[in-house]
Amino acid sequence: MEANRGQNGIQLLLAAEQEAQHIVNAARNAKLARMKQAKEEAEREVAEFRARMEAEFQKKLTESSGDSGANVKRLEQETDAKIEHLKAQSASISPDVVQMLLKYVTAVKN
């Protein structure tokens with residue numbers, strides 16, 4: 001009888017050990033599943049953030065490139081206006097400059 005009770009005790013211990021192993025395995029699998037889910041959520045959030053930042057960047061790039069086109073056009077207009085102003089000034093003083101040069105070239109000094 002004593003041997004029977006010892007055998008039952010060993011069987012109980014083995015059953016408890018197997019049950020504990022099943023519990024540990026289930027907990028490990030649950031942990032791995034949670035980690036996988038958390039990783040997927042983090043990747044999704046990163047992708048959303050990256051897409052949002054890329055959209056903002058493209059928007060700013062479009063806005064600034066549109067502005068640069070307007071700036072180039074404005075600068076070209078300003079440059080053309082300055083060139084015309086300089087041409088008008090040079091045309092108005094050109095006869096005076098020619099007269100002055102002729103005067104100094106034709107004047108004889110002793």
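The model shown is predicted, which means the values in this text are computed figures rather than measured ones.
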Excluding Leu14, membership of its hydrophobic cluster (Ile, Leu, Val, Met, Phe, Trp, Tyr; side-chain heavy atoms within less than 4.5 Å) reads Ile10

Contacts of Val98 meeting side-chain contact (heavy atoms from CB on, under 4.5 Å) (sequence neighbours excluded), chain-then-number -> Ser94, Leu102

In residues 40-60, what donor-acceptor pairs under 3.5 Å come from side-chain atoms, sequence neighbours left out?
| from | atom 1 | to | atom 2 | distance (Å) |
| --- | --- | --- | --- | --- |
| Glu41 | OE2 | Gln37 | NE2 | 3.4 |
| Glu54 | OE2 | Gln58 | NE2 | 2.8 |

Across all chains, not counting sequence neighbours, the side-chain contact (heavy atoms from CB on, under 4.5 Å) partners of Gln77 are Lys73

Tracing side-chain contacts under 4.5 Å among Ile, Leu, Val, Met, Phe, Trp and Tyr outward from Tyr104 reaches Met100

side-chain contact (heavy atoms from CB on, under 4.5 Å) filter on Leu13, not counting sequence neighbours, yields none

Residues 74-100 vs salt bridge (Lys or Arg N to Asp or Glu O under 4.0 Å), sequence neighbours excluded, gives Arg74-Glu78

Cluster membership besides Met35, Ile/Leu/Val/Met/Phe/Trp/Tyr side chains within less than 4.5 angstrom, sorted by chain and number, is none

For Leu75, the hydrophobic cluster (side chain heavy atoms closer than 4.5 Å, chained through members) also holds none

Name every donor-acceptor pair, under 3.5 Å, that has one atom in a side chain of residues 16-32 and the other anywhere in the protein, sequence neighbours excluded.
| from | atom 1 | to | atom 2 | distance (Å) |
| --- | --- | --- | --- | --- |
| Gln21 | NE2 | Asn25 | OD1 | 3.4 |
| Asn25 | OD1 | Arg28 | NH1 | 3.3 |
| Asn25 | ND2 | Gln21 | O | 3.4 |
| Asn29 | ND2 | Asn25 | O | 3.3 |

Heavy-atom closest pair (Pro95 atom, Ser92 atom, distance to 0.1 Å) is CD-O, 3.8 Å

